[in-house]
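In this text the structure is predicted, and so the values were computed from the model without any measurement.
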Amino acid sequence: LGLWRCDAVFFTHNLVDHIFGLDEVRRFNFAMGSVPIDIYAEDYTLEALRRVYKHVFDAQDNVNKSFVATLISHELREGVAVDLHGMRFTPIRLLHGRLPIFGFRIEPTSGASTGPLPLAYCTDTSAIPTQTWARLEGLETLVLDGLRQRHHPTHFTIDQAADAALQVGAGATYLTHIAHEVKHATVDAQLPEGIWLSYDGLVLGAPLPERLD
């Protein structure tokens, strides 16, 4: 993809499919001239990162000196925005089964809508707490967990995700975290107007894809 820099990493929660691979951002440290990379996460996620990546966060204790990522940790708190490079990232509370996690509302610091922004990124979601709905108002784009058509204890089904998306009323909603069993073209054609299954190569702000017949 031609990526040569990583300015920051935001974590939603501490499960392995969301934290594994952090060690490899060291390549971006190198490409950026050894500039440290800021990471942002809730307290319990930071604790997990320090445990899993002890060789990174306590590099001075390594038996052999090694090439590890250089990171600066920042604790996230619900509703407390982080402003970076003209963008505002606001952590919003979601539930992943019984695990409280973060999604993010992302918008320009100016507050003006532009292209696909404001956008809310809400993966691994099975419920939206009452206090979070207000933070989902006025969205241009919603990215929402929609795993499959069968019930799952820690993810929205596609129908549950579509119902939540209709309540939010974003300009466009893209369902993500889709299981392999979902027949993409068939299910996508059955979704309400303005709601789509995500796909590889999707570009936000590009013309919305036409429904397949």
Side-chain angles (χ1 to χ4, degrees), residues 1-13 18 25 28 31-32 35-42 45 71-94 96 101-125 128-146 156 158 161-178 184 188 191-212:
L1 297 177
L3 297 177
W4 59 273
R5 63 178 299 119
C6 175
D7 294 301
V9 180
F10 285 79
F11 290 92
T12 57
H13 58 293
H18 287 255
V25 303
F28 289 105
M32 294 158 53
V35 173
I37 295 172
D38 293 299
I39 64 171
Y40 296 84
E42 199 164 2
T45 300
L71 309 171
I72 302 175
S73 301
H74 304 272
E75 182 179 344
L76 291 174
R77 297 184 183 276
E78 180 183 357
V80 179
V82 176
D83 290 353
L84 287 175
H85 308 291
M87 300 297 294
R88 176 162 295 154
F89 302 81
T90 304
I92 59 177
R93 177 61 69 208
L94 302 167
H96 183 27
I101 69 169
F102 277 154
F104 295 96
R105 182 184 175 108
I106 305 167
E107 56 201 326
T109 54
S110 64
S113 296
T114 173
L117 303 174
L119 175 148
Y121 179 77
C122 305
T123 189
D124 283 29
T125 303
I128 300 173
T130 301
Q131 75 270 19
T132 299
W133 288 98
R135 300 190 186 279
L136 298 174
E137 295 177 355
L139 296 177
E140 291 295 329
T141 308
L142 172 63
V143 180
L144 184 62
D145 181 5
F156 274 149
I158 290 173
D163 288 344
L166 291 174
Q167 291 183 63
V168 172
T173 295
Y174 296 97
L175 303 187
T176 189
H177 208 303
I178 305 165
H184 195 285
D188 190 66
L191 291 174
E193 190 65 30
I195 303 175
W196 314 83
L197 295 183
S198 299
Y199 55 89
D200 292 345
L202 172 64
V203 176
L204 297 179
L208 293 174
E210 294 181 2
R211 299 289 192 194
L212 296 177

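A side-chain donor-acceptor contact under 3.5 Å links T141 to the backbone of P116. Checked by atom type and distance alone, the side chain of R135 never pairs as donor or acceptor with a backbone atom of I92 at under 3.5 Å. No side-chain donor-acceptor contact under 3.5 Å links T109 to the backbone of M87. With hydrogens and angles disregarded, no donor-acceptor distance shorter than 3.5 Å links the side chain of D124 to the backbone of H96.
Contact detail for L142 and A165: the closest heavy-atom pair is CD2-CA, 4.1 Å. For the pair I37 and V25, the tightest heavy-atom approach, listed with the atom from each and the gap, is CD1-O, 3.8 Å. Taking each heavy atom of G146 and I158 in turn, the nearest pair found is O-CG1, 3.8 Å. Shortest non-hydrogen contact noted between T125 and C122 is OG1-O, 3.3 Å. When all heavy atoms of F11 and L76 are compared, the pair lying nearest together is O-CD1, 4.3 Å. Listed here is the closest heavy atom pair of P91 and F89: CD-O, 3.6 Å.
In the displayed structure, R5 atom CZ is contacted under 6.0 Å by more than 12 heavy atoms of other residues, nucleotides or ligands.
Between the CG atom in L191 and the CG atom in L175 there is a gap of 6.0 Å [rounded to 0.5 Å]. Separating the CG atom in L202 from the CH2 atom in W196 is a distance of 11.0 Å, to the nearest 0.5 Å. For the atom pair CD (E140) and OG1 (T114), the distance works out to 9.5 Å, reported to the nearest 0.5 Å.
Within the 4.5 Å cutoff, no side-chain heavy atoms of T173 are placed close to those of V168. The shortest side-chain heavy-atom distance between I128 and F156 falls under the 4.5 Å cut-off. Counting only heavy atoms from C-beta outward, the side chains of H13 and F102 never approach each other to under 4.5 Å. Looking at Y199 and D188, their side chains never come closer than 4.5 Å, going by heavy atoms from C-beta outward.
Remark: D83 engages R88 in a salt bridge (charged side-chain N to carboxylate O under 4.0 Å, His left out) (not counting sequence neighbours). The side-chain hydrogen bond (donor to acceptor under 3.5 Å, both in side chains) test applied to E137 returns no partner, not counting sequence neighbours. Residues meeting the side-chain hydrogen bond (donor to acceptor under 3.5 Å, both in side chains) test with H184, sequence neighbours left out: none.
Under the 4.0 Å criterion applied to side-chain N and carboxylate O atoms, R93 and E42 are assigned as salt-bridge partners.
By the 30° and 60° cut-offs, the orientation of the rings of F104 relative to F10 is perpendicular.
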What verdict does the side-chain contact (heavy atoms from CB on, under 4.5 Å) test give for D7 and L84, after you've listed the backbone C-alpha separation in whole Å, the side-chain angles of each residue and the deciding distance to 0.1 Å? CA-CA 9 Å; D7 294 301; L84 287 175; over 6 Å; no

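Side-chain contact, H177 with T123: no donor N or O sits under 3.5 Å from an acceptor N or O.
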